Amino acid sequence: GAGVSQSPRYKVAKRGQDVALRCDPISGHVSLFWYQQALGQGPEFLTYFQNEAQLDKSGLPSDRFFAERPEGSVSTLKIQRTQQEDSAVYLCASSPPSTGGGTEAFFGQGTRLTVV
Amino acid sequence: QQQVKQSPQSLIVQKGGISIINCAYENTAFDYFPWYQQFPGKGPALLIAIRPDVSEKKEGRFTISFNKSAKQFSLHIMDSQPGDSATYFCAARNSGNTPLVFGKGTRLSVIA
């Protein structure tokens with residue numbers, strides 16, 4: 001079956017430009033997570049959704065970052081007025097429904113954003 | 001404050017040897033401890049995971065050892081192979097489908 005799909009795979013943006021990164025989770029997965037991975041570092045949490053509800057956005061680094069999942073499936077991470085420090089790989093992960101203990105998170109291949 | 005501390009940063013192991021990567025955590029509410037493997041240009045993939053009610057879990061050549069009192073867990077890769085060369089991340093999270101907190105990663109190189 002298809003895994004988590006992210007697009008585009010690579011994005012080069014000029015400083016100040018707005019970008020939109022898309023995540024198609026595995027069908028039926030209710031939980032969706034966004035992480036930011038800087039070069040040579042571990043992924044860092046940005047925000048997550050349970051269906052269409054955004055449960056936690058505490059990891060978003062500034063108000064230039066915005067995420068949505070309006071129909072509880074596809075999600076978009078938008079970055080306004082990009083800065084050089086936004087250059088990173090943005091990872092999306094999804095998880096199937098959990099009865100309590102939690103389930104495995106499946107990651108996409110990521111979108112590598114380079115701000116020039 | 002880093003919630004999950006991982007060491008070493010890099011590791012070189014001979015083919016057939018044992019690779020050992022260590023992690024320590026602070027938050028006693030964590031109850032799920034996975035290890036992820038990541039190849040260049042790919043997303044992290046779950047390797048093996050453990051919950052705090054057991055002290056060890058083995059899957060093939062991969063073993064997690066968990067010490068709840070010390071708040072430490074480690075990954076052992078037996079009979080390491082060149083194909084195991086990748087970056088490994090430990091992680092932890094609270095119960096339920098909550099966000100993962102990752103270590104900074106260990107770059108493993110297995111040489112023939």
Side-chain angles (χ1 to χ4, degrees), chain A residues 3-7 9-10 21 23-26 28-51 53-60 67 88-112, chain B residues 1-10 21-25 27 29-54 57 59 64 75 86-109:
Chain A
V4 177
S5 177
Q6 292 188 246
S7 60
R9 286 293 318 280
Y10 304 94
L21 312 181
C23 174
D24 275 273
I26 295 171
H29 282 199
V30 299
S31 300
L32 186 147
F33 305 84
W34 284 99
Y35 295 86
Q36 181 190 60
Q37 186 174 26
L39 190 63
Q41 300 294 314
E44 293 197 355
F45 167 72
L46 293 176
T47 185
Y48 85 108
F49 296 83
Q50 183 103 328
N51 296 305
Q54 189 172 21
L55 298 188
D56 187 344
K57 56 181 181 179
S58 63
L60 296 176
V89 174
Y90 290 84
L91 293 165
C92 176
S94 69
S95 296
S98 167
T99 54
T103 52
E104 178 182 347
F106 294 81
F107 282 81
Q109 294 197 75
T111 294
R112 180 178 295 276
Chain B
Q1 181 185 4
Q2 192 181 354
Q3 293 197 60
V4 178
K5 293 185 179 180
Q6 183 173 346
S7 63
Q9 194 171 355
S10 62
I21 306 171
N22 300 298
C23 278
Y25 64 96
N27 188 344
F30 288 152
D31 82 340
Y32 175 73
F33 303 88
W35 284 90
Y36 281 83
Q37 180 188 56
Q38 186 175 32
F39 293 103
K42 303 292 186 182
L46 180 67
L47 199 58
I48 186 172
I50 198 168
R51 297 195 186 272
D53 53 344
V54 297
K57 183 175 181 180
E59 290 183 358
I64 298 179
L75 175 69
T87 300
Y88 292 80
F89 295 96
C90 62
R93 72 169 187 217
N94 294 345
S95 64
N97 281 353
T98 53
L100 291 161
V101 179
F102 284 86
K104 291 194 171 187
T106 297
R107 179 173 287 187
L108 172 65
S109 297

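Because the structure is a prediction, the values reported are computed rather than measured.
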Please determine whether the number of non-hydrogen atoms from other residues, nucleotides or ligands lying under 6.0 Å from atom CD of A:Q50 exceeds 12.
yes
Which region of B:Q9, side chain (C-beta onward) or backbone (N, CA, C, O), has a non-hydrogen atom less than 4.5 Å from a non-hydrogen atom of chain A, or is it both or neither?
neither
Nearest heavy atoms of [X] and [Y], plus distance in Å:
{"X": "A:G102", "Y": "B:R51", "answer": "O-NH2, 3.1 Å"}
{"X": "A:V4", "Y": "A:C23", "answer": "CG1-SG, 3.8 Å"}
{"X": "A:L46", "Y": "A:Y90", "answer": "CD1-CD2, 3.9 Å"}

CG of A:D56 to CZ of A:F45, rounded to nearest 0.5 Å, is 4.0 Å
Contact origin within [X] toward chain B - heavy atom pairs under 4.5 Å:
{"X": "A:Q6", "result": "neither"}
{"X": "A:R112", "result": "neither"}
{"X": "A:S31", "result": "side chain"}
{"X": "A:Y35", "result": "side chain"}

Residue by residue, which of residues 87-95 of chain B have a heavy atom closer than 4.5 Å to a heavy atom belonging to chain A?
B:F89, B:R93, B:S95
Give the C-alpha distance, both sets of side-chain angles, the deciding distance and a yes or no for side-chain contact (heavy atoms from CB on, under 4.5 Å) between B:V4 and B:F30.
CA-CA 10 Å; B:V4 178; B:F30 288 152; 4.3 Å; yes
Do B:T106 and B:L75 have side chains that get closer than 4.5 Å, going by heavy atoms?
no
Below 4.5 Å, heavy atoms only, C-beta onward: do B:T98 and A:Y48 meet side chain to side chain?
yes
Taking every non-hydrogen pair under 4.5 Å, which of A:P43, A:A105, A:P96, A:S95 racks up the most with chain B?
A:P43
Find the one option among B:P99, B:G41, B:G103 whose heavy-atom pairs under 4.5 Å with chain A are most numerous.
B:P99
Classify the ring geometry of A:F106 against A:H29: parallel below 30°, tilted from 30° to 60°, perpendicular beyond 60°.
tilted
